[in-house]
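Before any comments, here is the structure.
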Amino acid sequence: MQEKSLRIPKKDWIEGRRRLLEWFDVHQRPLPWRENPTPYATWLCEIIMQQTRIEQGLRYWYDFLTLWPDVDALAASSLDDVLKAWQGLGYYSRARNLHRAAQLIAHERDGQFPTSAKEWKNIPGVGPYTAAAIASICQGECVAAIDGNVLRVISRLLGVQEPIDRPAGRNQIETFSEEWLSEIKPGTHNEAVMELGATVCTPRAPQCPACPLSDICRSDQANTGLTPLIPTKAGKVKVQDVHLTFHVVTSGQNVWMRQRPENGVWGGLWEFPSHVEQDGKKHTTAPLPPKGMEEGDVSSHGAWGHSFEHILSHRRLTCRFWIWKTDMNFKPFEGRWLSWKDAKKLAIPRALDRFWLDLEKSQSTNMSS
DNA sequence: AAATCGGGGCC
DNA sequence: GGCCCAGATTT
């Protein structure tokens, strides 16, 4: 185990570490959360940035800090408001865990944040990476934070040929990372490795000539030419086809909506009642009325059979929307009546947002024509 | 150990 | 169309 992690002589990686920190001091991007890293702002940042590009998440980080400047404010908010602010960012369990964690910290920890990576891991939504990142960057703890950038940088540095999404490859990277970590400035070291991965040791077209570690790297193009081939991954996700039918049950300016269960796709978000076609079957031309709703309950139906494709990372959704008109005395199934205006204040999936835009466009076209 | 969970940007 | 992104949680 030790041999694997020490294929680079110690004097070399000590020197490499020094040059990395030197490089970081000069070339780091001016990211706003580096200016005044408080536990709250750093925690918020790390949760938002999980599996998210900086450019995409930045706006959300600002929005959350503006809406809820501290953990007490966040804890006092409603889950619906948090989900609404999170809308469009994806992985919605992060938002629900964030809200739950804020209440835990505010009410059960007297507003006190954890002070070690081990404690941080007990906070909902905080796993190994996030715990290490906050504790090292914000609280000076000597613990390695390993994200996608680090996996790529270290696998290339060591020339790890085993898949990094399997224990064999992952363990090599973890072992070396803990050893390599600067005991002087662990937070800066962690940020430096991530920054190198984000700006120089990139997934495609890495800029090895600009890398402060190129002379000791086991896969630099100038040495072995392995850089484009590392890291390797074993995991391959098969994308399934799913056909969804949404029933837009309306009455005048009101619409029937329900909240999705916490588990599963779009957990906790609001939607029009929907159902999945069995066994991935394609849509039939004539949709049945939603369950619990008889033909006689509707005054008209099938007004607009809008349909489009929506891609998730693990699903290919074909979404069909069917509009039914009824009256508000009718409460067909789980959910509630909402005015269009109030419904828009709720967090909804991107796919429904698309539908909504198309519908309004269609209505304005009809009115003008 | 493997599956699940979004959406957007890039090639 | 595939890949990846400042990963965590559930099964």
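Lettering follows sequence order; numbering is per chain, from 1.
Side chain of A:Asn97, nearest nucleotide from C:dT9, B:dG8, C:dC5: C:dT9. The side chain of A:Arg152 approaches C:dC5 more closely than any other nucleotide in the set C:dC5, C:dA6, C:dG7. Candidate nucleotides C:dA6, C:dA8, C:dC4 were compared by shortest atom distance to the side chain of A:Gln50, and C:dA8 ranks first. Checked against B:dC5, C:dA8, C:dC4, the side chain of A:Thr130 finds its nearest nucleotide in C:dA8. Proximity note for A:Ser313 (side chain, C-beta onward) versus C:dA6, B:dG6, C:dC4: the nearest is B:dG6. Of the listed nucleotides (B:dG7, C:dG1, C:dA6), C:dA6 has the atom at the smallest distance from the side chain of A:Trp33. Of the candidates C:dA6, C:dC5, B:dC5, the closest approach to any side-chain atom of A:Pro203 belongs to C:dC5. Comparing C:dC4, C:dA6, C:dA8 by their closest approach to the side chain of A:Met194 singles out C:dA6. Out of C:dA6, B:dT4, C:dG7, the shortest distance to the side chain of A:His314 is found at B:dT4. Picking from B:dG6, B:dA1, C:dG7 the nucleotide with the shortest atom distance to the side chain of A:Arg94 gives B:dG6.
With hydrogens and angles disregarded, no donor-acceptor distance shorter than 3.5 Å links the side chain of A:Arg156 to the backbone of A:Cys217. A side-chain donor-acceptor contact under 3.5 Å links A:Arg34 to the backbone of A:Arg29.
With DNA chain B read from its 5' end, the first of the two nearest nucleotides for A:Gln240 and A:Glu55 is the one closest to A:Gln240. Residue whose closest nucleotide on DNA chain C sits further toward the 5' end, between A:Pro124 and A:Cys45: A:Cys45. Each of A:Arg204 and A:His310 was matched to the nucleotide of DNA chain B holding its nearest heavy atom; the match closer to the 5' end belongs to A:His310. Residue A:Gly127 is the one, among A:Gly127 and A:Asn263, whose nearest nucleotide of DNA chain C lies closer to the 5' end (criterion: closest heavy atom).
Among the heavy atoms of the strands lying under 4.0 Å from A:Ile54 is at least one base atom, whether or not backbone atoms are also near. Residue contacts shown for A:Ile311 are absent, as no nucleic acid heavy atom lies under 4.0 Å away. The residue A:Val126 sits close only to the backbone: its heavy atoms come under 4.0 Å of sugar-phosphate atoms, none of a base. Nucleic acid contact class of A:Gly57 (heavy atoms, under 4.0 Å, all strands): none. If you check every strand for non-hydrogen atoms under 4.0 Å, A:Leu317 touches nothing. If you check every strand for non-hydrogen atoms under 4.0 Å, A:Thr52 touches a base.
Rounded to an integer number of Å, the gap from A:Arg316 CZ to B:dG7 P is 16 Å. In this structure, A:Leu312 atom CG and C:dC3 atom P are separated by 17 Å, rounded to whole Å. The distance between atom CZ of A:Arg53 and atom C1' of C:dG7, rounded to the nearest whole Å, is 15 Å. Whole-Å rounding puts the A:Gln56 CD to C:dG7 P distance at 12 Å. Atom pair A:Ile173:CD1 and C:dG7:P shows a separation of 14 Å (rounding to whole Å applied). One can place CZ of A:Arg350 at 20 Å from P of B:dC5, the figure rounded to the nearest angstrom. Put simply, CG on A:Asn122 is 14 Å from C1' on C:dA8, counting in whole angstrom units. In this structure, A:Arg34 atom CZ and C:dA6 atom P are separated by 11 Å, rounded to whole Å.
For the C1' atoms, the distance linking B:dG9 with C:dA8 amounts to 23 Å, nearest Å. Nucleotides B:dA3 and C:dA6 place their P atoms 25 Å apart, quoted to the nearest Å.
A donor atom on one side chain and an acceptor atom on the other are not found under 3.5 Å apart for A:Thr199 and A:Glu195. A donor and an acceptor atom, one from each side chain of A:Glu46 and A:Trp120, are nowhere located under 3.5 Å apart. A donor atom on one side chain and an acceptor atom on the other are not found under 3.5 Å apart for A:Gln28 and A:Glu191.
Look at A:Tyr92 and you'll find a side-chain N or O under 4.0 angstrom from OP1 or OP2 of B:dG7. Under 4.0 angstrom from either OP1 or OP2 of C:dA6 there lies no side-chain N or O belonging to A:Trp61.
A:Trp23 and A:His27 have parallel rings, their planes meeting at less than 30° on a 0 to 90° scale where 60° marks the start of perpendicular. Using the six-membered ring where Trp is involved, A:Trp266 and A:Phe246 have ring planes that are tilted, between 30° and 60° apart.
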